Amino acid sequence: MTGLRYVYAVCRPFGTPLQSQLTGVAGDPPRGLTHHGLVAVVSHVPERDFAEEPLRAHLEDLDWLTETARAHQGVIDALTTVTTPLPLRLGTVFRDDSGVRTMLEAREEDFRRTLDRLEGRVEWGVKVYAESEPQETAQPAPKAASGRDYLRQRRAQTRSHEEMWQKAETFSVTLHEKLSAFAEDSRLHPPQNPALSKASGRNILNAAYLVPRAHSEEFVEMVDRAKGESTGMRVVLTGPWAAYSFAGEEQLTGGEKQ
């Protein structure tokens, strides 16, 4: 099959084959391309969609981007069950196998160092959401009898909001410190945009934690215990994932290379 080479991840050789029915981006099954003891997991993608100019245009198409990201993640998830992958950025494309091998050779030392650090480890994501309104003001306030009463109600509502956000911030900082002390490494990401995430409430904490796979059960139990520690807070755990946040990737930009 002709086409460009889409690269999902770099890993060490692994003996367990991926699922036979697994397909990647553009419907092509992923395969391993070995060079100097490293494996780039690749598949063929059509030039009409993944050459530099059409890819740039596609990245503005939310439907196309969602479908491509889902296929990309499916391959990474499959790899995570059989090895420790170092994921590359969505839309990492090369002209041919030779271009992929050149990339592996140029970054061989960095890839090996990172894979050594990530071996046997997974990423867990933890998000904390605060309710968008304080519980004590969830019911409509009584109609103010005068302008002075109205101002008094507004000041009370402002104080209530401030106290709620302070409580949420304190809870999130304490939880992050506790989880970071257990994990080998952690990363704080910017709060999610509610318009994009569709999640209710305000995202106060959006963090990733690098945890040895063997200790994951204990980490999950810690997060589960935190879910009941504070009213008005929603704690969401995701994972285990490949260690995107800790890959140390310079993140090759999307588009055709070499």
Side-chain angles (χ1 to χ4, degrees), residues 59-70 72-74 76-77 80 86-92 118 121-138 154-211 216 218-254:
L59 292 176
E60 302 297 323
D61 181 340
L62 186 58
D63 290 339
W64 186 93
L65 187 60
T66 299
E67 180 180 355
T68 301
R70 186 179 294 116
H72 178 103
Q73 186 60 46
I76 300 297
D77 288 345
T80 304
L86 196 168
L88 299 190
R89 186 177 178 178
L90 182 76
T92 298
L118 299 181
R121 293 156 177 83
V122 292
E123 176 175 327
W124 290 92
V126 177
K127 297 180 178 64
V128 174
Y129 296 90
E131 298 299 332
S132 57
E133 294 293 338
Q135 290 184 347
E136 59 267 34
T137 62
R154 292 295 297 165
R155 284 196 297 270
Q157 289 172 356
T158 298
R159 284 196 300 271
S160 184
H161 276 277
E162 290 173 350
E163 291 170 359
M164 183 190 68
W165 299 132
Q166 182 60 50
K167 175 184 175 183
E169 183 70 20
T170 300
F171 173 79
S172 297
V173 168
T174 301
L175 177 61
H176 177 62
E177 290 176 348
K178 181 179 180 181
L179 296 179
S180 296
F182 180 87
E184 290 190 353
D185 202 354
S186 63
R187 294 285 186 275
L188 284 172
H189 299 306
Q192 286 190 321
N193 184 335
L196 298 178
S197 67
K198 307 299 183 183
S200 62
R202 180 184 294 186
N203 184 204
I204 305 297
L205 176 68
N206 182 14
Y209 303 90
L210 184 67
V211 179
S216 286
E218 187 175 351
F219 181 84
V220 171
E221 290 175 353
M222 290 175 63
V223 176
D224 285 343
R225 286 195 297 269
K227 293 179 180 180
E229 289 180 355
S230 183
T231 59
M233 306 296 148
R234 190 171 80 258
V235 180
V236 178
L237 174 70
T238 61
W241 309 107
Y244 282 96
S245 301
F246 308 94
E249 258 299 287
E250 293 174 350
Q251 296 285 307
L252 296 173
T253 55

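All residue numbers refer to positions in the sequence shown, counting from 1. What you see is a predicted model; the values in this text were computed from it and never measured. Side chains included, hydrogens not; waters and symmetry mates left out as well; all remaining heavy atoms used.
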Polar side-chain atom of D185 near backbone of L210 as donor-acceptor pair, under 3.5 Å = no
Sequence neighbours excluded - salt bridge (Lys or Arg N to Asp or Glu O under 4.0 Å) pairs with any residue from residues 224-245 | D224-K227
Residues S245 and R187: closest non-hydrogen pair is O-NE, 3.4 Å
Min side-chain heavy-atom separation F246-R121 under 4.5 Å | no
Got V173 and L205 here, is their nearest side-chain heavy-atom distance under 4.5 Å?
-> no
Closest non-hydrogen contact found for T80 with A242 is OG1-CB, 3.6 Å
Which heavy atom of Q73 sits nearest a heavy atom of Y244, and at what distance?
-> OE1-OH, 2.9 Å
Side chains of L65 and L90: closer than 4.5 Å at any heavy-atom pair?
-> yes
In terms of heavy-atom contacts, V235 and A226 come closest through CG2-O, 4.2 Å
Would you please name every residue forming a side chain to side chain contact (heavy atoms under 4.5 Å, CB included) with S186, sequence neighbours left out?
-> H176, S180, Y209
Indicate yes or no for a side-chain donor-acceptor contact from N206 to the backbone of K127 under 3.5 Å, with no hydrogens or angles considered.
-> no
Work out which heavy atom in H189 is nearest to a heavy atom in A208; give both atom names and the distance.
-> NE2-CB, 3.8 Å
Atom CG in L88, atom CD1 in I76: separation rounded to 0.5 Å?
-> 7.5 Å
OG1 of T174 to CD of E169: how many Å apart, nearest 0.5 Å?
-> 9.5 Å
Do V223 and L175 have side chains that get closer than 4.5 Å, going by heavy atoms?
-> no
Who pairs with S216 by side chain to side chain contact (heavy atoms under 4.5 Å, CB included), at least two apart in sequence or on another chain?
-> V122, W124, V211
